[in-house]
Amino acid sequence: MTFSDKFYSILSVYILSSLSYIGEIFCILSVVFIMLSFMGIEGKVTRWTFIPSLIFTGIVAVINTICVIHDHIMLKAHWSEPFKENAVRLSDKSDFQIFFTILTIALLIVTTVFTFTKKHIINCIIAGCMMFFFETYISCEMLYTATYFSDEPKNYILRYNGIEGYLGNGFSSIFILSYTAIMLIIFSSLYFGMIKKQRTIYIGWRNRLFFILWELLMICIMYVPVMGGISKIEQIKYMEYELGMIMFLIGMAVPFLMIIMISRQFAMEKILIQEEYIAAELDYINQYKKNQNETRAFRHDIINNLSMLSAMHDDKKYDEIEEYLSTLMSSISAMTPRFKTGDEMLNCIVGMKSAQMDEKSIDFTIEGTIDGGLGMKPMDVCSIFANALDNAIEACEKVKEAKDRWIKLSIDKTYSGLTVNLKNSMPSGGMVYSKDRNLHGYGIQNMKAVIDSYGGIGKIDTEDDVFTLSIMIPEKSR
């Protein structure tokens, strides 16, 4: 090998190093997108989400370029001569390893802080843990899949009793290119499939725990060949077939199937909301037709009623006039909607849910009206209030005494925004939300997604067997 060959070897190492850090960037961004799209963590992807990654890329590119230029100058003087170790002073990549590690951690922290709106410290810890497991999981799957096609990974694993580190000159380029490509595919799928379309699929804690245990199981199983008591031939066979192919298929297929199942469950929740919305619309149409028919009938009879009152007045039958007017006013009151909120869609939902409350002996009161309506999409109004009232009705049903079942909805619209408070009685001992003031669950998560889309805040509270849901939506977002 000549000095020129050494330079091209160094150049390839720095190129692969740059690609590996690009893969790290895609990994960090993918983890952030997963937290936003699947874990319900509040935040928004903006240009500031990507700016730290661009700065990180620039720093890596500048340092690697300086190192390459330095090595080229050192090696150029002996370009065609056979290469000799320590003949010239070359830059040592290990000198920057700690710096790049610190820089990667800083990138993760800054990206998390710029993206998420609350609980920055907790979210940074979650993102760090997720990145470690996510990156290790992908790397393990790739490495052991490679054992089916190459002997280099087998020899490395058996020699160092581990899976970390450099895989060898021949195989490392394929590994790093594959790793970067996989991270790019995951990043692109999340960005264009979820973030760009502002889609969310909430994954509950039970499924999150399953994913964590599954990753740990896959990683632990991959260390079986390096344990004692297994001959080298058995180790190689195990790595080549069981880990090389079967583990890859299981490792990738199970998470994929889990995501499909969760997506279908989430889609069913969306369908239920749409059905609720359609039912509310139909109820509104039927009520509108009924009111129109009653109005026509009232108009038709108004002349006869006035003529009858005039005749009674001429005959000085004042007691009969008073009784007749009382009957007439009752008819007019029956034509007037029971609840008026100022928003047509909310009137539909309240009217529909109030009928259910009457059947279950739940006392319902509403305070406040909204001039000009809520200023929200009808489907969004349905997502928030239908879910909220359903939860309240379900809680009241569990209260033993009918006299203690009540729901109170108050709405206030000011120049600063909209405030909604929904209070209801609940059984002694609290509900599933009693120990958590954040919004969780599929139905609640749908509400949260809508509230977040308007830049609002939703909180829950429990005190003295009373459940309170508070929603605040700023005026500028509606």
Answer yes or no: is there a side-chain heavy-atom contact under 4.5 Å between Asp461 and Ser470? no
Kindly indicate whether the side chain of Met35, heavy atoms from C-beta on, has any atom under 4.5 Å from the side chain of Met130. yes
Minimal heavy-atom distance between Val113 and Cys124, with the atoms involved, is CG2-SG, 4.2 Å
Do you know which of Thr111, Ile105, Thr112, Leu107 makes side-chain contact (heavy atoms from CB on, under 4.5 Å) with Ile109? Ile105
Would you say Ile98 has more than 12 foreign heavy atoms packed within less than 6.0 Å of its CD1? no
Assess the side chains of Asp404 and Ser425: does a donor N or O sit below 3.5 Å from an acceptor N or O? no
Might you confirm whether atom CG of Leu213 has over 12 heavy atoms from other residues, nucleotides or ligands at distances under 6.0 Å? yes
Please report the closest heavy-atom contact between Asn424 and Ala395, naming both atoms and the distance. ND2-CB, 3.5 Å
Which heavy atom of Leu108 sits nearest to which heavy atom of Gly128, and what is that distance? CD2-CA, 3.5 Å
Rounded at 0.5 Å granularity, tell me how far CG in Leu374 sits from CD1 in Ile411. 6.5 Å
Would you mind reporting whether Phe114 and His120 have side-chain heavy atoms less than 4.5 Å apart? no
For residues Asp343 and Gly375, report the shortest heavy-atom separation together with the two atoms involved. OD2-N, 4.4 Å
Go through the steps to decide whether Leu29 and Ser53 satisfy the test side chain to side chain contact (heavy atoms under 4.5 Å, CB included), and finish with yes or no. CA-CA 9 Å; Leu29 292 174; Ser53 298; 4.0 Å; yes
Is there side-chain contact between Arg405 and Met357, with at least one heavy-atom pair below 4.5 Å? no
Taking side chain as C-beta onward, heavy atoms only, is Met131 less than 4.5 Å from Cys27? yes
Between CE on residue Met39 and CD1 on residue Ile41, distance to nearest 0.5 Å: 4.0 Å
Dump the intermediate steps for side chain to side chain contact (heavy atoms under 4.5 Å, CB included) on Thr462 and Met426, then the final yes or no. CA-CA 9 Å; Thr462 55; Met426 64 179 187; 3.7 Å; yes
Phe50 and Tyr191 aromatic ring geometry - parallel, tilted or perpendicular at 30°/60° bounds: perpendicular
Between Met194 and Ser37, what is the shortest heavy-atom contact and its length? CB-OG, 3.5 Å
Would you please test Val45 and Lys196 for side chain to side chain contact (heavy atoms under 4.5 Å, CB included) and show each step? CA-CA 9 Å; Val45 175; Lys196 199 74 173 176; over 6 Å; no
Close side-chain approach of Thr46 and Thr49, heavy atoms under 4.5 Å: yes
Without swapping roles, check the side chain of Asn123 against the backbone of Lys119 for a donor-acceptor pair under 3.5 Å. yes
Supply the atom-to-atom distance Asn64 CG to Ser18 OG, rounded to the nearest 0.5 angstrom. 4.0 Å
Rounded to the nearest 0.5 Å, what's the gap from CG on Leu184 to CD1 on Ile22? Could you check? 9.5 Å
Any side-chain heavy atom of Phe385 within less than 4.5 Å of one from Leu422? no
Would you find a donor on one side and an acceptor on the other, under 3.5 Å apart, between the side chain of Asp412 and the backbone of Thr419? no
Report the C-alpha distance between Leu389 and Ile349 in whole Å, list the side-chain angles of each, state the deciding distance to 0.1 Å, and finish with yes or no for side chain to side chain contact (heavy atoms under 4.5 Å, CB included). CA-CA 9 Å; Leu389 289 172; Ile349 295 169; 4.0 Å; yes
Between CD of Glu24 and OG1 of Thr104, what distance do you get to the nearest 0.5 Å? 5.5 Å
Going from OH on Tyr454 to CG on Asp380, what distance comes out if it is rounded to the nearest 0.5 angstrom? 3.5 Å
Under the 3.5 angstrom rule, does the side chain of Thr468 hit a backbone N or O of Ile460 as a donor-acceptor pair? no
Least distance between heavy atoms, Tyr179 atom then Ile138 atom: CD1-CG2, 4.4 Å
Could you check whether any side-chain heavy atom of Ile451 comes within less than 4.5 Å of a side-chain heavy atom of Ile471, counting everything from C-beta outward? yes
Between Lys408 and Asp363 (salt bridge meaning N to carboxylate O under 4.0 Å), is one present in this structure? no
